[in-house]
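Lettering follows sequence order; numbering is per chain, from 1.
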Protein chains: 2
Amino acid sequence: MRSSRGPGQRAGLSRDRVLDAATDLLAESGAVTMRAVAQRLGVAPNALYSHVADKTELVDGVLDRVLAQVDAPPLEPGGSPGDAMHRLMTSTHGVLIRHPQLVPAFLARQGARGANARHLGAVMLEHLAVAGITGDAAREALRVLIVYTIGFAAFDGAPDERPVPHSELRADFDRGLHWLITGIIESVR
Amino acid sequence: MRSSRGPGQRAGLSRDRVLDAATDLLAESGAVTMRAVAQRLGVAPNALYSHVADKTELVDGVLDRVLAQVDAPPLEPGGSPGDAMHRLMTSTHGVLIRHPQLVPAFLARQGARGANARHLGAVMLEHLAVAGITGDAAREALRVLIVYTIGFAAFDGAPDERPVPHSELRADFDRGLHWLITGIIESVR
DNA sequence: ATACTAGCTGGACGCTGTACAGTTCGCAAC
DNA sequence: GTTGCGAACTGTACAGCGTCCAGCTAGTAT
């Protein structure tokens, strides 16, 4: 609304403030637009490009921000890698469920590429290594789990579906995840 | 190129020809645009709207056309429903792998909604019913399998990845699918 | 022969992401 | 302190997107 600021005047933006605005927008309307983000910040659309290279980078930033909420406890010596992986993916699923609007964004780019995403991936690979799975096999198993998780989360926001209670979906997710992890681990025995 | 046709002149379009052009375009460049499809047909962009309601309807049509290639043998009396489901999903996977460009489109709309898609879904639900799984549980199991299949197919077209040979990916898909189907069937025992 | 309809064109609208040039502020160096 | 410079921001603009509207016309039905 307030468009009274000449060129050269600073608006006090920052990468964080831009990502905040984009995150809010994504959570509210599900539609992130450079112009919409700019308007919400009371700024010209191009101003964003001083803090963000691309729209993709912006969206990646938002996705990664949300992924920061995932609980990824590091490798503990005595524990079972299968349980650890199960917990990590369940936490991821919970986070995604809590942000239904951006699940399609995750789907569209087949996961995320930001720092947090890479960290989560690295932790998973460690657990897989403990289970004796490394290299390409580990990467493939990881991607299977990621796609399974994101895909399942997508059902929560799916349109024209009978509203299956969240608790039930969560239980189904849990069961399928268990099958997959069991299969992955046993594939190396 | 050839733009010599006045208003009123017919170009001999049809829904099929439009879908053909869109399918070719998707297979070649991966980018379907109303304008691009129109250009390939030597026609103004709006002309398409005489044969297709929407762009979404167009894409749905293309996806469904490809799904027609899936081999979905009907329920046979003596057979194992697990094997039948396995075959159907494997065939689907093969079709998707053969059309990597449109897998992202499948992902984006969480499957397809056309006639062939519904038919495949119905066949799967029959097999699930034979296995004793009905209602919401069946629909959920089906969606798990769909997401798993599409997601796995997406890896084949994924960028900046070491080219894992198709045969290997196919084997991995097969194994994971087996885990899932086994789990689904045993969940009702 | 006449009316109607379906298929098409030309043009336009509002939306998108983003590049270019110009203005000005804040800060560092002399 | 003055000067200079880079970073932040505005205004404008461009190309491309999906899609609507109005008009023209070829074929069909009456």
Per side-chain contact (heavy atoms from CB on, under 4.5 Å), Ser91(B) is matched among Thr149(B), Leu96(B), Asp71(B), Leu120(B) by Asp71(B)
Leu13(B) atom CG is separated from dG27(D) atom C1', nearest whole Å, by 16 Å
Taking dC9(D), dT18(C), dC8(C) as options, the one with an atom nearest any side-chain atom of Asn46(A) is dT18(C)
The correct set of residues in residues 48-59 of chain A placing a heavy atom under 4.0 Å from DNA chain C is Tyr49(A), Asp54(A), Lys55(A)
Between Arg175(B) and Asp172(B), does the side-chain contact (heavy atoms from CB on, under 4.5 Å) criterion hold? Intermediate values first, please.
CA-CA 5 Å; Arg175(B) 225 177 306 151; Asp172(B) 290 334; 2.9 Å; yes
* Asked: For dT10(D), does either OP1 or OP2 sit under 4.0 Å from a side-chain N or O belonging to Arg5(A)?
  -> yes
With sequence neighbours left out, the residues meeting side-chain hydrogen bond (donor to acceptor under 3.5 Å, both in side chains) with His86(A) are Asp174(A)
When every non-hydrogen atom of Pro45(B) is compared with those of Arg35(B), the smallest separation belongs to CG-CG, 3.9 Å
| said: Starting from Val123(B), can I reach Leu125(B) by hopping between I/L/V/M/F/W/Y residues whose side chains sit under 4.5 Å apart? | reply: yes
Arg35(A) atom CZ is separated from dC9(D) atom P, nearest whole Å, by 18 Å
Between CZ of Arg15(A) and P of dC9(D) the distance, given in whole Å, is 15 Å
Would you call Val62(A) and Val32(A) a side-chain contact if the rule is heavy atoms closer than 4.5 Å? no
message: Under 3.5 Å, is there any donor-acceptor pair linking the side chain of Arg10(A) to the base of dC25(C)?
response: yes
Winner on side-chain proximity to Met34(A), out of dT10(D), dT18(C), dT19(D), is dT18(C)
Which label fits Tyr148(B) and Phe173(B): parallel for a plane angle under 30°, tilted from 30 to 60°, or perpendicular past 60°?
parallel
Open item on the list: Do the side chains of Arg17(A) and Asp20(A) get close enough for a salt bridge, i.e. N-O under 4.0 angstrom?
Closed with: no
Stem ranges of DNA chain C by first residue number, counting only runs of at least 3 Watson-Crick or G-U pairs under 3.5 Å, come to C:1-30 with D:1-30
